[in-house]
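As structure tokens, the structure follows; a few thoughts come after it.
The basis for the numbers below is simple: all heavy atoms, side chains too, and nothing from hydrogens, waters or symmetry mates. What you see is a predicted model, and the numbers here were worked out from it, not measured in a lab.
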Amino acid sequence: SHTVRIIFYVNNMKIKKLILLFFPLLGLLFLSFLNKNENQNINKPNIIFIAVDDLRPQLNCYGKNQIISPNIDELASVSYTYENAVCNYPVCGASRASLLTGLRPNKNRFKSYSTRMDVDANNVLTMGEWFKKNEYFTLSLGKISHHNNDSPESWSIPAWRATKKWRDYQTKENLIAIDTNNNHGAAKAFEVGEDLIDDYADTKMVTKAIEQLNQLTKKKQPFFMALGFLKPHLPFNAPKKYWDLYNEKDIELASNRFQPENAPDESMHKYGELRKYTNIPSDFNIDIPDLTQKKLIHGYYACVSYIDEEIGKLIKHLKKLDIYENSIIVLWGDHGWQLGEHNLWAKHCNYQTSLKVPLLIKYPKQIKHKKINTVVELLDIYPTLCELSNIEKPKHLQGKSLLYINNFDPKNLNGYSKYHNGETVTSIDKSYTEWRKKDNNLKANMMYDLVKDPNENKNISENKENYSNIIKFQHLLDSVRSL
């Protein structure tokens, strides 16, 4: 019996030792699993994807001083700022469809403001759908695609917009006007928002975003939150306090209110988008009076300042939740906007005022600002976000990742834009546009020296010394036309 007890005691000690060895190993394995998950979250940072409709790069972070936008400027101070970013099609629907699918516009797809991705490019995965497939929780608030129900499989929950008429008038005067004037919901082209009936849609969207962020931070899943601001799209409606930031007497009209010298008529339009409003001359042969032009510019500035404060609210809440530093934040405009330059208003053309857009990208933990001067395209955002998030890029993408460009800032890259039959190459120092007939023979063209003539006031395409440049640009357009 003594022998049995000794053997049992020895075996019991071995079991205890094994247990003592086993549980620490189990703990290490558990911690390793936790660390692995934590690292995965670091490798797949949260993404805040901010679209601003009709936003020109007329901001302090772009060297301009007319518009008060401290929150966007502060974001730029810790972001890559792309000085020469261009859209691929200067209307809302087509530009957004191109960006969100990673495909260039061509003669068969993305041709108007009413473009749908699920019609023109139903065979590719949108950015939202690709990130959802790669374990992101994806959601869309506000205006991301032109149609809220476009490509619903992109989002983990149904896309959300404030329940409003899109022009979003909120003063009694304009609300009464749209009920009585039979003008398809258009009243004045601007609204000084005082005694509002309801909050504007962009305020409601940021409130909704804050609610969603509070829920998303409880999940262990990385998220892709897309937020689309409606303003500064027409009509220029903003709360009065943002109008009061500006003295209208100090607002300057465009210095080049004329068709550029030697520019083809194909490059011009009658800004029909603006003429729909009741305080704008509907006759295409009548220019907008100077006082109305000042009021329109004032309204545009007020709308940008309004959106800027809403973006500030969002960033403040990201910081409160302690997710600002580790998140990717992208801010982009879908195309430019004319404020009287070349006697044009709205977008809808191939001048740089329609094509140039603001583009800011903040990396996780980024604390320094860097300006990138080379030409980049909105098409490049999709592959860039894939690379930043450590996920594979889908094979169909036609843009390039900006990570290499951020380090080396090469000067030999070009951007390609299209508006109906007008096709444009933008380089670091030139812009070239051509229009072709149905038989592919040249109908008209224009070229501008963006160093000597940054406002594109003199077409130099007929100068003999520019012939070699034109041939080069034509070859470049040929190379992308069939993509």
Side-chain angles (χ1 to χ4, degrees), residues 34-52 71 75 78-80 96 99-102 117 125-145 148-162 202 204-229 310-332 359-366 381-394 401 403:
L34 288 179
N35 287 335
K36 185 179 178 183
N37 280 351
E38 186 179 347
N39 288 335
Q40 284 175 342
N41 287 336
I42 291 171
N43 290 334
K44 290 184 175 178
N46 298 321
I47 299 171
I48 311 296
F49 184 76
I50 303 171
V52 186
N71 295 292
L75 175 62
V78 291
S79 300
Y80 287 91
R96 290 162 186 260
L99 186 159
L100 293 168
T101 60
M117 297 180 289
L125 297 181
T126 67
M127 189 187 302
E129 192 175 2
W130 184 252
F131 275 80
K132 187 172 78 168
K133 185 178 179 180
N134 282 275
E135 301 177 354
Y136 272 78
F137 187 89
T138 61
L139 64 165
S140 168
L141 307 175
K143 183 179 177 181
I144 295 301
S145 56
N148 200 43
N149 63 351
D150 190 358
S151 303
E153 65 280 356
S154 301
W155 314 112
S156 301
I157 55 177
W160 180 94
R161 284 187 194 177
D202 289 322
K204 288 179 174 286
M205 182 191 69
V206 171
T207 300
K208 182 72 173 179
I210 287 171
E211 292 173 2
Q212 291 284 1
L213 285 168
N214 291 338
Q215 297 301 315
L216 290 170
T217 52
K218 297 174 184 177
K219 299 176 180 286
K220 299 300 181 184
Q221 186 178 4
F223 64 82
F224 180 111
M225 175 182 276
L227 301 101
F229 287 94
E310 294 299 328
I311 289 170
K313 287 182 193 174
L314 177 72
I315 290 174
K316 183 179 179 181
H317 198 71
L318 292 172
K319 290 178 177 178
K320 180 181 176 181
L321 296 174
D322 198 26
I323 55 177
Y324 172 78
E325 285 190 9
N326 291 329
S327 295
I328 298 168
I329 300 180
V330 186
L331 186 145
W332 55 280
L359 174 60
L360 310 176
I361 302 180
K362 183 195 83 68
Y363 287 18
K365 298 186 181 297
Q366 186 169 345
I381 295 177
Y382 193 158
T384 301
L385 290 181
C386 287
E387 192 165 351
L388 276 175
S389 305
N390 298 292
I391 63 177
E392 183 182 357
K393 295 188 282 288
S401 170
L403 268 66

So that I can tick it off, tell me whether Glu310 and Lys313 are bridged by a salt bridge, with the cut-off set at under 4.0 angstrom between side-chain N and carboxylate O.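 Looking at Lys313 and Glu310, the cut-off is met.
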
To the nearest 0.5 Å, tell me how far [X] [atom1] sits from [Y] [atom2].
{"X": "Ile361", "Y": "Ser79", "atom1": "CD1", "atom2": "OG", "value": "8.5 Å"}
{"X": "Lys362", "Y": "Tyr80", "atom1": "NZ", "atom2": "OH", "value": "11.5 Å"}
{"X": "Lys208", "Y": "Leu141", "atom1": "NZ", "atom2": "CG", "value": "7.5 Å"}
{"X": "Glu387", "Y": "Lys393", "atom1": "CD", "atom2": "NZ", "value": "4.5 Å"}
{"X": "Glu129", "Y": "Leu100", "atom1": "CD", "atom2": "CG", "value": "12.0 Å"}

In sequence, state the C-alpha distance, the side-chain angles, and the governing distance for Val330 and Ile328, and then conclude on side-chain contact (heavy atoms from CB on, under 4.5 Å). CA-CA 7 Å; Val330 186; Ile328 298 168; 4.0 Å; yes

Does Phe137 have Lys219 sitting over its ring (NZ/CZ under 6.0 Å from centre, angle to axis within 45°)?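 Yes; both conditions hold, so Lys219 lies above the ring face of Phe137.
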
On the ring face of Tyr324, is Lys316 found with NZ or CZ under 6.0 Å from the centre and within 45° of the axis?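 Relative to the ring axis of Tyr324, which defines the angle, Lys316 lies outside at least one limit.
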
Who are the salt bridge (charged side-chain N to carboxylate O under 4.0 Å, His left out) partners of Lys319, not counting sequence neighbours?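 With neighbours one apart ignored, the set is Glu74.
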
Thr138 and Phe223, any side-chain heavy atoms less than 4.5 Å apart: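 The answer is no, as the side chains (C-beta and beyond) never meet within the 4.5 Å cut-off.
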
What do the steps show when you test Ile47 against Ile329 for side-chain contact (heavy atoms from CB on, under 4.5 Å), and what is the final call? CA-CA 6 Å; Ile47 299 171; Ile329 300 180; over 6 Å; no

